[in-house]
Amino acid sequence: MKKKHLQRLDLIFKNEHDTEAILEKTFKRSNDDVINDLISSGLKGRGGAGFPTGLKWKLASEEETEVKYVICNADEGEPGTFKDREILSSVPHKVLAGMAVCARIIGAKKGFIYLRGEYLFLKPQLLEAIDKFHSLLDEMKVDFRVEIFLGSGAYICGEESALFESMEGKRGEPRNKPPFPTAQGYKDKPTVINNVETLAHTYSIFKYGPEKFRDLGIQDSRGSKVFSVSGDTPVPGIYELEFGMSLQKFVDDFADGDAKAVQVGGASGFCVPRKRFDKTVIGYQGKLRGTSLPTGGSMMIFNSSRSMYNVLHNYLDFFVEESCGQCTPCRVGTQQLLLGVEAVKKGEQPSSYLDKLMDLAEAMRITAKCGLGQSVANSFSSIVENFKEEMIY
Amino acid sequence: MAEKINLKIDNIAVNIDEGSTILEAAQKINIRIPTLCYHEDLCVAGNCRVCMVEQVGSDRLIPSCAMPVSEGMEIMTNSLKVRSARKQVVELLVSEHRAECTRCYKNGKCELQDLSSEYIVGENGYIDLIPLKGYSIDNFSPSIIKDDSKCIRCQRCVRTCNELQNIGALSVAYKGEHMKISSFYEKPMYEVVCTNCGQCINRCPTGALTEKTYFDEVWSALNSEKKHVVVQTAPAVRIALGEALGMPVGEIVTGKLVAALRRLGFNSVLDTDFTADLTIIEEGNELLQRLKKVLVDGDTSVKLPLTTSCSPGWVKFIEHAFPEYLENVSTAKSPQQMFGALAKTFYAKKIGVEPENMVSISVMPCTAKKYEADRPEMRSSGYKDVDYVLTTRELALMIKQAGIDFSSLPDDEYDSIMGESSGAAVIFGATGGVMEAALRTAYEVVTGREVPFKNLNITAVRGMEDVKEATIKIENVLPEWSFLEGAELKTCVAHGLSNAKKVMEAVRDGKAEYHFIEIMACPGGCLGGGGQPIPTSLAIRKQRSKAIYEEDSLKPIRKSHENPEVIHIYEEFLKEPLGEKSHELLHTHYTKRNRY
Ligand SMILES: Cc1cc2nc3c(=O)[nH]c(=O)nc-3n(C[C@H](O)[C@H](O)[C@H](O)COP(=O)(O)O)c2cc1C
Ligand code: SF4
Ligand code: SF4
Ligand code: SF4
Ligand code: SF4
Ligand code: FES
């Protein structure tokens, strides 16, 4: 029997060039109309906490400040994800168009693409796209300019407020919130910061209308999403899929037939064990808890040959290094989690020490300053809970 | 007027200005929320996470120091969730800490210790990270010890050094597990732009930043038969020492200070205030001489504005940051160093002690004074002019060690020859004080009349404003000062090095024309010095300032040039201001330094 495959979508990467038409069309409409379209499309951020994009633009548009900014977050630091790189190299004009509409709505004259340092090789072609885009804006007499800012290489600089700090020449440390970026972002001015993919989606929404986007996906998770599939899969790569699929379907399509767990959302995401594949739906609702995690779209498949202890150890190593180190729960907590699981594995601590570590992860979730420290508990707790024996023996 | 916000904290209603934080709202109704990274002199960091509270209806806890109040908010500061999270945070901090309180200088005065005494961590804490990671202690500086193993990464020091002082000697380096407080390329503190001001020490909640202590050296000098130990006390010590010994803020304890020093065994108990008066004579004359050279002789090699030189933190700052202005700094030594040079010459001879048998100690509100005493220039007597510098805090500790019940001590008086002082010297301890003292004297020298202010109080240069300016019109001068007739003497006063930088930039950019600038490295002046009792806050500094001006107003002599011992030392020893002996003992020069 032939398996019925998940439908591969081709919205984002579709080769279409309608920037001028889209700008003309949206500029003719009132800001409220355009924002309402975005809101009714159901588009949510594809880089972070899944904040409704229309609402974000609306908040920034309501700020009464002369200077505002639009920033495209292309820091893409989550290991195993490279979807933003693909989008920027194949359809940069869609991202730029989204930025221009956003700038128009909120009243910004300046935009930035915060480009991950490792993506330096993309810069020449991006500059070319920006040049073309600027000429079009000049023709249309639109006062908006986009610049590239090259990131410094720290994962934490993808967090929006750390990103602003880094752009301001300071150390990349997340700020307190509030104030939120829409009120005080880059240089303390109202700023809309969106992920590359989010901006590319706005292009489709402006072109095809909000209904078409809304028709895809389910409930709170609308539209399509670009996934980076990696791990124990015969077909690693980038796939645009509809939100709302069950994880079982995903595994059937992409795994090697022996999947024991899937890490959804990378190091900051959740580990789903085989027994929960069919109960897990991929989308904002599919998360086990309503925490903010960088929804980089990473799907990492582990088959039965993998040690989940090693998987967890790798994630913790990553956090121990990539925590900015400013807040206690994250700086010290990540080290304690790592040393703690090692001690249990070596028999230096009793298995009950894992319970203390679970409490610690929970404390980190509710006390850490930014999404990084808050989401360590996601992978930690889901792996320890579901693969406890592997942690001990 | 700000809008008012209504909220409930632990079921108690609070009404507070919009923009206030939850922490401030809690303080208003006397609910104490523990804090570590928060300091009221500094911007909010929100990184220690001990001040977390629960907002009803929200899953995660929120940092009370950083979260603004909002209408209808319901906050719980003592729920199970809050208590257990706080305890975990304390446990984590302790696991990263070389907790050895019984050996620690901050024992009993440490915010982490206080907190851990409330949230008993016990034995089942986390894995001790210190043995795994190692640590380093920088004790090469004559003023400051930086012990990374006691650091909780609250960044209070970094914010102090960058915001309050605008020096940038301390910064955060590395990330994750390696994140630490560091200096330029991790060089030792004495090699970088650190001014030794000690403001970071005053705000460090733990024993990670402390002054280098010298009380052991002082005790052994006191216990040595052969040595004659002379002590001098700075103006700002007498209004703050009480704080460190359980007395209220702003208590004047001059008499008890003298009595305690005698009880400790100092052979001569003398006063830096005496040389503060002397500084005014030397520096005031230097100002008048420079004005004359510029205005009458047209001598372009003479630099104006003249700046004060009594704050060693400021001196080191200008050596690093504005070396092209070193000739603008008064060549007059600070009162401490004038005292030291005179102690081992004039005073030693007077009392018949060989200078090599004299040990010269100073008690200072300042950590930079330790560094100043170590400068190679400060050996005019042929010996180290000041052997050891103690902070107010160290002296308080010595008094405790000696079992002296400070508050019940009867008042005593300084020894003579170098123990008399005027009110003008006392106010050296507050920002604007040197300016006021100098004006009281210079104006009178030039006009033959007292400064035209009620009770001699030049209020324009008093107070905690960042930068103060005052212009004094000079009229009806004495014949020999006729060139100053009608002149307007433009003065400026700044405290804290970020303000000093602002003033110097304005001078450099030609945006300000001053004749005389007073700069103190520390907020509030010496009364807020890096060696003063901890804690510090604007309210505390204002209390201390009040005490200083009160001490001034009570002094029978209010002007430096009327100090009889000062008059006497000129007659007998120095002969004249800026004279040969002065140049030998009381003046110095400065050195250009690197910019990192
Ligand atoms: C540790 C951390 C790393 C992040 N890295 C990225 C990133 O690389 N790219 C990105 O778009 N968002 C990243 N985010 C999320 C951003 O803070 C921000 O929410 C997002 O850019 C908003 O865009 P969106 O609303 O379009 O998702 C990160 C968040 C955290 C906490
Ligand atoms: S949670 Fe981690 S990354 Fe975020 S601010 Fe705290 S230490 Fe930095
Ligand atoms: S710094 Fe504080 S907690 Fe640490 S050893 Fe010293 S007194 Fe104890
Ligand atoms: S002593 Fe002063 S200059 Fe030196 S590090 Fe501390 S605050 Fe900065
Ligand atoms: S040295 Fe002191 S003030 Fe600075 S971060 Fe460490 S504990 Fe905080
Ligand atoms: S005091 Fe609020 S986070 Fe440190």
Side-chain angles (χ1 to χ4, degrees), chain A residues 152-157 162 170-179 289-292 316-340 342-343 348-350 352-353 356-357 359-370 372-374, chain B residues 19 21 36-37 43-55 58-63 65-68 70 81-82 84-97 112 124-129 132-133 152-155 158 162 171-181:
Chain A
S152 61
Y155 172 61
I156 193 60
C157 289
K170 292 180 254 173
R171 182 183 152 81
E173 280 188 353
R175 301 174 180 168
N176 292 302
K177 291 178 202 170
R289 278 198 201 104
T291 53
S292 75
L316 290 174
D317 264 339
F318 175 76
F319 286 127
V320 164
E321 282 304 312
E322 295 301 334
S323 154
C324 80
Q326 73 162 310
C327 78
T328 312
C330 177
R331 179 188 65 250
V332 193
T334 50
Q335 297 177 64
Q336 289 295 351
L337 291 178
L338 179 61
L339 289 169
E342 284 177 352
E348 291 165 4
Q349 291 281 356
S352 62
Y353 195 70
K356 186 174 169 75
L357 297 181
D359 287 349
L360 169 57
E362 170 62 9
M364 289 165 68
R365 187 183 71 80
I366 61 172
T367 59
K369 185 167 174 177
C370 85
L372 190 148
Q374 289 163 3
Chain B
T21 61
L36 278 175
C37 66
C43 78
V44 170
N47 60 31
C48 74
R49 315 308 273 184
V50 304
C51 73
M52 305 305 283
V53 294
E54 185 171 353
Q55 178 172 15
S58 121
D59 173 35
R60 279 200 286 268
L61 302 179
I62 53 178
C65 70
M67 185 62 76
S70 59
K81 197 167 170 180
V82 168
S84 81
R86 245 184 229 159
K87 182 169 176 183
Q88 301 239 31
V89 171
V90 176
E91 277 185 278
L92 289 174
L93 285 172
V94 171
S95 78
E96 193 191 30
H97 194 84
L112 179 63
N124 61 344
Y126 293 110
I127 295 168
D128 188 357
L129 300 178
L132 302 174
K133 295 171 50 167
I152 58 168
R153 276 81 161 169
C154 66
Q155 300 190 34
V158 176
N162 289 275
S171 59
V172 179
Y174 311 112
K175 59 185 167 52
E177 60 174 333
H178 305 294
M179 181 271 204
K180 62 178 280 195
I181 308 305

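Being a predicted model, the structure only gives us computed values, none of them experimental. When reading the values below, keep in mind they use all heavy atoms of this one structure, side chains included, and skip hydrogens, waters and symmetry mates. Reminder, nothing fancy here: chain letters follow the sequence lines and each chain counts from 1.
Of the atoms belonging to A343(A), it is side-chain heavy atoms, and not backbone ones, that fall under 4.5 Å from chain B. Neither the backbone nor the side chain of V50(B) comes within contact range of chain A, judged by heavy atoms closer than 4.5 Å. Both the backbone and the side chain of E177(B) come within contact range of chain A, with heavy atoms under 4.5 Å apart. Using a 4.5 Å cut-off between heavy atoms, L36(B) does not touch chain A at all. Heavy atoms of E91(B) lying under 4.5 Å from chain A belong exclusively to its side chain. If you measure heavy-atom distances from T367(A) to chain B, the contacts under 4.5 Å come from both the backbone and the side chain. In this structure, chain B has no heavy atom under 4.5 Å from any part of E348(A). Proximity to chain B is limited to the side chain of Y353(A), based on heavy atoms less than 4.5 angstrom apart.
With values rounded to the nearest 0.5 angstrom, C37(B) atom SG is found 9.0 Å from Q326(A) atom CD. Interatomic distance, CZ of R60(B) versus CD of Q374(A), reported as 3.5 Å (0.5 Å rounding). One distance of note links CE of M67(B) with NZ of K177(A); it measures 11.0 Å at 0.5 Å rounding. Between the SG atom in C330(A) and the CG atom in N47(B) there is a gap of 12.0 Å [rounded to 0.5 Å]. The line from CG of L338(A) to CD1 of I127(B) is 9.0 Å long, rounded to the nearest 0.5 Å.
A cation-pi arrangement, defined by a distance under 6.0 Å to the six-membered ring centre and an angle within 45 degrees of its axis, is absent between K175(B) and Y155(A).
Between the side chains of E96(B) and Q336(A), not a single donor N or O lies within less than 3.5 Å of an accepting N or O. A donor atom on one side chain and an acceptor atom on the other are found under 3.5 Å apart for K133(B) and Q335(A).
Between I366(A) and M52(B), the shortest heavy-atom distance links the atoms O-CE, 4.0 Å.
Inter-residue side-chain proximity for C48(B) and C327(A) is flagged as unmet; no heavy-atom pair is nearer than 4.5 Å. Between L360(A) and Y126(B), the closest side-chain pair of non-hydrogen atoms falls below 4.5 Å. Considering only heavy atoms from C-beta on, K369(A) stays 4.5 Å or farther from P63(B) through its side chain. In this structure, Q88(B) and E362(A) have side chains that are not in contact, with every pair of non-hydrogen atoms separated by 4.5 Å or more. Between T328(A) and I152(B), the closest side-chain pair of non-hydrogen atoms is not below 4.5 Å.
The backbone N or O of A45(B) lies less than 3.5 Å from a partner atom in the side chain of N176(A), making a donor-acceptor pair.
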